[in-house]
J.: 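Have a look at this one before I ask anything.
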Amino acid sequence: EVKITIENLNKVYPNGNHALKDVNLEINNGMFGLLGPNGAGKSSLMRILVTLMQPSSGIVKMNGYDLTKDREQIRSMLGYLPQDFRFFSHLKTYEFLDYAARLAGMKNSKERKLAVDKMLEEVGLFEARDRKANNLSGGMKRRLGIAQALINNPKIIIVDEPTTGLDPEERIRFRNLLSTISTQDVIIILSTHIVGDISSSCTDMALLNQGGLAFTGSPDELVVRA
Ligand code: ADP
Ligand code: ADP
């Protein structure tokens with residue numbers, strides 16, 4: 001069981017922009033979609049959830065740990081694929097994942113190799129393991145991005161606009177990959193402005209608009225209302 005609770009969350013930037021307004025949300029196991037137009041506050045919420053930014057007020061708990069107090073525990077639970085994820089161009093695919101595994105604290109090289117090979121299989125990049133990460137196709141890069149986010153077996157996986165720039169085939173492949181992962185005992189939060197990314201794969205969702213929650217429920221209910 002994994003659980004995130006968000007209570008009365010607010011973010012006001014130094015210039016006065018009120019990016020999140022009294023957000024209350026509970027997120028449970030499975031794939032959760034965060035939908036909203038540009039400027040809605042999605043990235044602000046993501047940055048807070050991955051502990052890159054402090055909220056102005058409010059409480060966020062992940063499995064009982066407090067986001068602002070228990071940062072070490074929270075970080076060890078998290079996997080993150082930012083929107084503009086970049087690779088080190090000189091590294092091969094498997095070297096890049098090995099590096100991610102090192103960063104995640106895996107000191108034993110045998111253990112790392114097992115984890116890296118397993119992950120390459122899981123995201124369909126085993127055949128591409130010796131290719132430079134920079135030379136992979138857009139879809140393959142995105143899959144390598146999710147692989148690095150998963151290497152430490154996170155309980156909570158946060159992906160920001162993951163299908164942007166992908167062709168339809170890769171988009172479906174990436175969605176299916178996330179669906180497979182979400183059958184494990186994890187939370188995946190998928191932030192997007194594309195309804196189709198959410199309706200096909202998420203059990204629950206929230207709609208953010210101008211920093212406030214305009215809807216929470218299942219994607220089917222949203223379509224019925226709209
Ligand atoms: P989204 O990811 O949904 O596009 P953001 O969280 O990026 O939304 O932005 C929400 C609002 O906060 C927007 O009005 C944006 O201009 C503002 N904003 C985002 N980052 C900053 C910042 N660093 N300083 C001031 N305002 C910001
Ligand atoms: P996103 O919507 O994914 O957050 P943006 O292009 O809106 O992407 O933001 C890129 C960067 O600019 C972020 O670091 C964000 O914090 C900052 N930013 C966004 N809006 C503003 C703003 N109104 N004032 C200052 N910084 C901003």
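Nothing here was measured: the structure is a model prediction, and the numbers come from that model. Counting starts at 1 for both ligands and their atoms, in listed order.
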J.: In this structure, would Ile181 and Ile172 fall into the same cluster of hydrophobic residues linked by side-chain contacts under 4.5 Å?
T.: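 No: no chain of side-chain contacts under 4.5 Å links Ile181 to Ile172.
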J.: Can you tell whether the side chains of Arg142 and Glu170 come within less than 4.0 Å, N to carboxylate O?
T.: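 Here Arg142 does not pair with Glu170 in a salt bridge, since their nearest N and O are not under 4.0 Å apart.
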J.: Check whether more than 12 heavy atoms from other residues, nucleotides or ligands sit under 6.0 Å from atom CZ of Phe85, and answer yes or no.
T.: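 Buried by this count: over 12 neighbours within 6.0 Å.
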J.: For ligand 1, find out whether one of its N or O atoms is nearer than 3.5 Å to an N or O atom of Gly41.
T.: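 Yes.
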J.: Taking 4.0 angstrom as the limit and counting only heavy atoms of Ala40, give me the atoms of ligand 1 inside it, by number and element.
T.: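 Per the distance check, 1 (P), 3 (O), 8 (O).
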J.: Give a yes/no verdict on whether any heavy atom in Pro37 is under 4.0 Å from an atom of ligand 1.
T.: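 Yes, Pro37 has heavy atoms under 4.0 Å from ligand 1.
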J.: Determine whether the side chains of Tyr13 and Ser44 contain a donor N or O and an acceptor N or O closer than 3.5 Å.
T.: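 Yes, because at least one side-chain N or O of Tyr13 sits under 3.5 Å from a partner of the opposite role on Ser44.
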J.: What atoms in ligand 1 come closer than 4.0 Å to a heavy atom of Ala19?
T.: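 Taking each heavy atom of Ala19 in turn, ligand 1 has 10 (C), 11 (C), 12 (O) under 4.0 Å.
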J.: Work out whether the distance between some heavy atom of His193 and some atom of ligand 1 is less than 4.0 Å.
T.: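 No; His193 lies far enough from ligand 1 that no heavy-atom distance drops under 4.0 Å.
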J.: How about Ser218 and Asp220: does a side-chain donor come under 3.5 Å of a side-chain acceptor?
T.: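 Note: Ser218 and Asp220 side chains miss the donor-acceptor criterion.
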J.: Check each atom of ligand 1 against the heavy atoms of Asn38 and keep those under 4.0 Å away; list them by number with element.
T.: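 What qualifies from ligand 1 is 4 (O).
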J.: Under 4.0 Å from a heavy atom of Arg47: which atoms of ligand 1 are those, numbered in the order shown and with their elements?
T.: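 Taking each heavy atom of Arg47 in turn, ligand 1 has 20 (N) under 4.0 Å.
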J.: Test Asp167 against Arg171 for salt bridge (Lys or Arg N to Asp or Glu O under 4.0 Å), laying out the working first.
T.: CA-CA 6 Å; Asp167 63 43; Arg171 189 168 280 197; over 6 Å; no
J.: Salt-bridged, Lys61 to Glu7, with N to O below 4.0 Å?
T.: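 The answer is no: the pair does not qualify as a salt bridge.
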J.: As an exercise, identify every atom of ligand 1 less than 4.0 angstrom from a heavy atom of Ser43.
T.: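 Listed by number with element: 1 (P), 2 (O), 6 (O), 7 (O).
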J.: Using a strict 4.0 Å cut-off to heavy atoms of Asn17, name the atoms of ligand 1 that fall inside it.
T.: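 Those of ligand 1 that fall under 4.0 Å from Asn17 are 16 (O), 17 (C), 25 (C), 26 (N), 27 (C).
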